[in-house]
Enquirer: 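This is the structure, below, for whatever I ask next.
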Number of protein chains: 2
Amino acid sequence: MGIIRHTKSVKSLIQAFNESENAISVAVLLKRFKEDMNKTTVYRILDRMEESGVLHSFIGKDGDRWYSKYTENTSASSTISHPHFQCDSCGKSECLTLDINIPPLPNHKVDSASLLLIGQCQDCLIEITQ
Amino acid sequence: MGIIRHTKSVKSLIQAFNESENAISVAVLLKRFKEDMNKTTVYRILDRMEESGVLHSFIGKDGDRWYSKYTENTSASSTISHPHFQCDSCGKSECLTLDINIPPLPNHKVDSASLLLIGQCQDCLIEITQ
DNA sequence: AATATAATGCAACTTTGATGCAATAAGATA
DNA sequence: TATCTTATTGCATCAAAGTTGCATTATATT
């Protein structure tokens with residue numbers, strides 16, 4: 001097990017997540033850093049950052065992977081896993097602090113959950129009503 | 001809009017879903033019918049069967065797509081969408097009739113949900129305890 | 001049987017992601 | 001600061017997943 005070095009590429013990714021309130025998809029990250037670093041590097045840094053607990057990832061509505069930093073509210077708590085919301089109009093994904101209760105499931109052991117709510121985000125709702 | 005023809009390939013897929021209690025992943029279907037039909041055909045039949053309401057699909061824990069037929073219990077009901085369970089050991093996915101309550105989410109319009117519980121299925125639990 | 005067209009096969013292509021290895025750069029140490 | 005160790009990166013290559021266009025085939029209808 002190695003130490004994560006604070007390289008130029010790593011700094012760029014950290015900055016991207018610090019500047020973003022919401023989650024960022026791998027596709028967006030690859031495009032954003034196309035000129036700055038190799039795609040392999042992006043994948044590998046995301047792996048390391050998740051493994052080290054700086055980021056967490058989840059699967060979006062279309063099966064694509066999204067990453068987001070942890071905050072006080074979204075950290076792995078007593079809950080199985082915090083839910084996410086993805087907007088059907090703009091595609092944006094957010095971490096939710098919403099507490100979703102999972103009823104007991106007979107004959108199964110539930111260890112975690114991937115809970116994604118899909119609909120219209122605040123910005124897109126405003127656009128619709130205007 | 002066209003009519004779905006009852007071809008040999010379509011019959012094979014329908015049979016596969018009728019014989020299976022659980023959902024089937026695209027990867028498994030592609031392998032199973034590798035000798036019988038082109039992969040393009042598998043993709044296209046699944047599209048048609050979902051569009052016509054015979055099957056529904058959902059995203060598994062690893063971002064891969066699964067298909068399952070509708071039953072009385074899992075049909076789109078008053079609930080936003082029925083949840084699924086995927087086993088972390090054997091990978092098997094099942095439709096759940098479990099009713100998961102989604103609390104109201106301020107400033108959002110929630111249209112649907114992708115709810116996946118992850119853990120150990122009955123078969124794998126038995127193996128562990130033996 | 002003839003016909004219209006839905007469905008399929010096939011080849012080619014795109015996208016996404018992984019891997020091996022040589023070159024580079026970060027951080028520790030002297 | 002110079003040196004050294006090794007984590008990290010770039011690059012080329014590859015594999016898997018999925019899409020598209022088009023010619024051919026098969027289904028259902030008349």
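Below, all heavy atoms of this structure are taken into account, side chains as well, without hydrogens, waters or symmetry copies. Residue numbering restarts at 1 for every chain, and letters A, B, ... go by the order of the sequence lines.
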Enquirer: Which residues pass the side chain to side chain contact (heavy atoms under 4.5 Å, CB included) test with B:Val28, not counting sequence neighbours?
Expert: B:Ile24, B:Ser25, B:Arg32
Enquirer: Base contacts versus sugar-phosphate-only contacts with protein, heavy atoms under 4.0 Å: please encode nucleotides 18-30 of chain C as B, S and - from 5' to 3'.
Expert: BBB----BBS---
Enquirer: Answer yes or no: is there a donor N or O on one side and an acceptor on the other, between the side chain of A:Gln86 and the main chain of A:Gly91, under 3.5 Å?
Expert: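 Yes; at least one donor-acceptor contact below 3.5 Å.
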Enquirer: A:Asn22: what forms a side chain to side chain contact (heavy atoms under 4.5 Å, CB included) with it, not counting sequence neighbours?
Expert: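 Only A:Ser20, A:Lys92, A:Glu94 meet the side chain to side chain contact (heavy atoms under 4.5 Å, CB included) criterion with A:Asn22.
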Enquirer: Nearest-Å distance, CG (A:Asp62) to P (C:dT15)?
Expert: 16 Å
Enquirer: List in chain and number order the residues that pass salt bridge (Lys or Arg N to Asp or Glu O under 4.0 Å) with B:Asp47, two or more places apart in sequence or in another chain; answer none if no residue qualifies.
Expert: none
Enquirer: Whole angstroms only, please: what is the CD-C1' distance between B:Glu35 and C:dT8?
Expert: 17 Å
Enquirer: Tell me the ring pair (Phe, Tyr, Trp, His ring centres under 6.0 Å) pairs involving residues 96-116 of chain B, sequence neighbours left out?
Expert: A:Phe85-B:His108
Enquirer: Mapping A:Met37 and B:Leu30 to their closest nucleotides on DNA chain D, which lands nearer the 5' end?
Expert: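 Here A:Met37 is the residue nearer the 5' end.
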Enquirer: What residues, two or more places apart in sequence or in another chain, satisfy side chain to side chain contact (heavy atoms under 4.5 Å, CB included) together with A:Glu21?
Expert: none
Enquirer: Parallel, tilted or perpendicular: which describes the rings of B:His56 and B:His82, with under 30° parallel and over 60° perpendicular?
Expert: perpendicular
Enquirer: Got a sec, which residues hit salt bridge (Lys or Arg N to Asp or Glu O under 4.0 Å) with B:Asp88, two or more places apart in sequence or on another chain?
Expert: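 So B:Asp88 forms a salt bridge (Lys or Arg N to Asp or Glu O under 4.0 Å) with B:Lys61.
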Enquirer: Distance check needed: C:dA6 P versus B:Ile45 CD1, whole Å only.
Expert: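 To the nearest whole Å, that distance equals 16 Å.
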Enquirer: Figure out the CG/C1' separation between A:Leu13 and D:dT8, and round it to whole Å.
Expert: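 Between C1' of D:dT8 and CG of A:Leu13: 13 Å.
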Enquirer: Mind calculating the distance between NZ (A:Lys31) and C1' (C:dT16) to the nearest angstrom?
Expert: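 Computing the A:Lys31:NZ to C:dT16:C1' distance gives 12 Å.
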Enquirer: Give the dot-bracket string for DNA chain C, reading 5' to 3', where a pair is Watson-Crick or G-U wobble with both distances under 3.5 Å, ( ) marks pairs inside the strand, [ ] marks pairs crossing earlier ones, | marks a partner on another strand, and . marks unpaired.
Expert: ||||||||||||||||||||||||||||||
Enquirer: Grab the NZ-C1' distance between A:Lys11 and D:dT8 for me, whole Å please.
Expert: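 Between C1' of D:dT8 and NZ of A:Lys11: 14 Å.
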Enquirer: Measure the distance from CG on B:Asn38 to P on C:dT8 and round it to the nearest whole Å.
Expert: 10 Å
Enquirer: Applying side chain to side chain contact (heavy atoms under 4.5 Å, CB included), name anything that partners B:Lys109, two or more places apart in sequence or on another chain.
Expert: A:Gln120, A:Leu125, B:Asp111
Enquirer: Using atom CG of B:Asp64 as one end and atom C1' of C:dT16 as the other, report the distance to the nearest whole Å.
Expert: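 Going from CG in B:Asp64 over to C1' in C:dT16 covers 14 Å.
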